[in-house]
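These notes are about the structure you will find just below.
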Amino acid sequence: MDNAFPTGDGAARPAVPRVVVAPDSFKGSATAADAARAIAAGWTSVRPYDEILLRPMADGGEGTLDAFAAAVPGAERRAVVVAGPAGGEHAAEWLLLPDGTAVVELAATSGLTLLDRPRPLEACTRGFGQAIGAALDAGAERLLLALGGSGSTDGGTGALAALGARFLRADGEPIAPGGGGLAELDRVELGGLRSLPPGGATILGDVTNPLLGAEGAAAVFGPQKGAEPAQIDRLERGLARLAERIPGGAALAAATGAGAAGGTGFGLLVWGARMSGGAAAVAEAIGLDAALGGARIVITGEGRYDRQSAAGKVPSEVAARAAVAGVPVALVAGRIDAETSAFRATASLSSLAGSGARAMADPLAWLRAAGVELARAR
């Protein structure tokens, strides 16, 4: 009998339906783990006997460190004090896995949420580079570098400077930190860069944008970091100047994902790191494919589902893996601004709440309501 298991008397009864809940974080509102628990609570209030598997996800942005920490037994959090994205210092963490891999998250070291206000020209990635250096000092055999949630558009120059590169003006002095300082860049010296660890470095990115142009770091992501049109133009010209002054820079600037995290993807490619999908790496770490085996439905989600969501973000990764497993997918999002034919059902928090403001005021309550709605529709 399909979907059944034997009872003690040899009869059979229907197997307990399995529901996998695998959302990303709802940025600024709820962590991935909290979102998963809230959705699951809503679902079980309607269908209390279903088996629920929580598999909170991340795509290389905020929450990637937590996803690996929860998924990998023996993962060890390591504290580090790094430069803030616009000066000062702050405490951060990186993660050491039992196999010697270090996971370093840009959002936790140089992220937008660490700024008191957007600083599109001054914010830099130096703290991210310092955390990478701490992992190397600790003997990391391999690096997983999670991009996303960046507060800067400096082309990764802050991170590379922390690792030994020099970005100099015509008078031989270092350029000012941040994307605004690239306007004075005269030459780049990479001879002092620290070597990659033996296992190399893998970039976990959530976007495919190149460094430059209409789909590049400044044009697409600059406004999210507070950049006005004139500042976007300055940042674009600075990034182009950076690419021109690095051997092979033009080819690297055009690479998929070079524009990630304000061009930090480009800087890491210059160092020798290789690009990979962040959501795919997290899915492997948490055993998502195994969880999907025999599942009746998987629920994924993120704060805003838009046209960028299909480019390697969590909902698209979960949907792709679910399609292989033959499992229907439901989507929960704070707001839905793109076509959703890949999903069996959808729930918008702003629609449930009546407005985006109401949804943001109590996101966990509306995530629970989304779980209720999906369970009733099942």
Side-chain angles (χ1 to χ4, degrees), residues 17-59 61-64 66-67 70 107 111-113 148-149 206 224 279 282-283 286 288 291 295-310 313-319 322 327-378:
R18 172 182 292 181
V19 179
V20 180
V21 187
D24 196 355
S25 64
F26 284 60
K27 293 179 175 58
S29 301
T31 66
D34 286 343
R37 283 191 288 266
I39 293 168
W43 183 281
T44 55
S45 72
V46 177
R47 299 176 61 90
Y49 300 111
D50 287 355
E51 176 191 12
I52 306 293
L53 295 184
L54 302 184
R55 294 294 185 270
M57 283 279 293
D59 57 14
E62 180 183 358
T64 299
D66 291 337
L112 183 62
T113 59
D206 61 355
Q224 300 173 10
V282 174
I286 68 174
L288 181 61
R296 293 289 185 85
I297 191 169
V298 56
I299 304 171
T300 188
E302 63 181 349
R304 179 178 177 181
Y305 185 80
D306 57 22
R307 67 184 185 90
Q308 292 184 21
S309 298
K313 289 183 177 287
V314 164
S316 64
E317 181 68 25
V318 173
V327 178
V329 190
L331 172 72
V332 177
R335 178 174 166 179
I336 298 175
D337 291 328
E339 189 268 335
T340 58
S341 61
F343 304 98
R344 176 72 60 86
T346 63
S348 163
L349 304 191
S350 58
S351 295
L352 288 170
S355 71
R358 287 192 66 196
M360 287 287 288
D362 195 356
L364 296 182
W366 294 110
L367 284 162
R368 189 180 191 281
V372 169
E373 179 171 276
L374 293 175
R376 286 175 175 166
R378 177 75 176 105

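Position 1 is the first residue of the sequence, and the numbers go up from there.
- Every side-chain contact (heavy atoms from CB on, under 4.5 Å) that Ile336 has, sequence neighbours left out, goes to Tyr305, Leu331, Ala333, Thr340, Thr346, Ser348.
- Within the structure, side-chain hydrogen bond (donor to acceptor under 3.5 Å, both in side chains) pairs that include any residue of residues 362-373 do not occur (at least two apart or interchain).
- Atom CZ of Arg18 has more than 12 neighbouring heavy atoms from other residues, nucleotides or ligands inside a 6.0 Å radius.
- In terms of the side chain to side chain donor-acceptor pair (under 3.5 Å) criterion, residue partners of Arg304 (sequence neighbours excluded) are, by chain and number, Asp337.
- In terms of the side-chain contact (heavy atoms from CB on, under 4.5 Å) criterion, residue partners of Ser355 (sequence neighbours excluded) are, by chain and number, Ala357, Arg358.
- Thr31 places no side-chain N or O within 3.5 Å of a backbone atom of Ser25 that could act as its donor or acceptor partner.
- Closest non-hydrogen pair, Gly61 versus Ala107, comes out as C-CB, 4.5 Å.
- Scored by the side-chain contact (heavy atoms from CB on, under 4.5 Å) test, Ala67 finds Ala58, Val282 as partners (sequence neighbours excluded).
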_Residue pair Leu288, Val20: steps toward the side chain to side chain contact (heavy atoms under 4.5 Å, CB included) verdict_ = CA-CA 9 Å; Leu288 181 61; Val20 180; 4.2 Å; yes
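- The two residues Leu374 and Ala345 make their nearest non-hydrogen contact at CD2-CB, 3.8 Å.
- Under the side chain to side chain donor-acceptor pair (under 3.5 Å) criterion, Glu62 pairs with no residue, sequence neighbours left out.
- Qualifying side chain to side chain donor-acceptor pair (under 3.5 Å) partners for Ser29, counting only residues two or more places apart in sequence or in other chains: none.
- Within the structure, ring-ring contact (aromatic ring centres under 6.0 Å, His included) contacts touching residues 35-54 (residues at least two apart or in different chains) do not occur.
- In terms of the salt bridge (Lys or Arg N to Asp or Glu O under 4.0 Å) criterion, residue partners of Arg37 (sequence neighbours excluded) are, by chain and number, Asp34.
- Considering all non-hydrogen atoms of both residues, Ala369 and Leu352 come closest at C-CD1, 4.1 Å.
- Remark: Leu349 CG to Leu364 CG distance equals 10.0 Å, nearest 0.5 Å.
- Closest approach of Ala30 to Leu367, counting heavy atoms only: CB-CD1, 4.1 Å.
- Residues Val21 and Ala40 approach most closely at CG2-CB, 4.4 Å, considering heavy atoms.
- Considering all non-hydrogen atoms of both residues, Ala22 and Val314 come closest at O-CG1, 3.9 Å.
- Under the side chain to side chain donor-acceptor pair (under 3.5 Å) criterion, Arg47 pairs with Asp50, not counting sequence neighbours.
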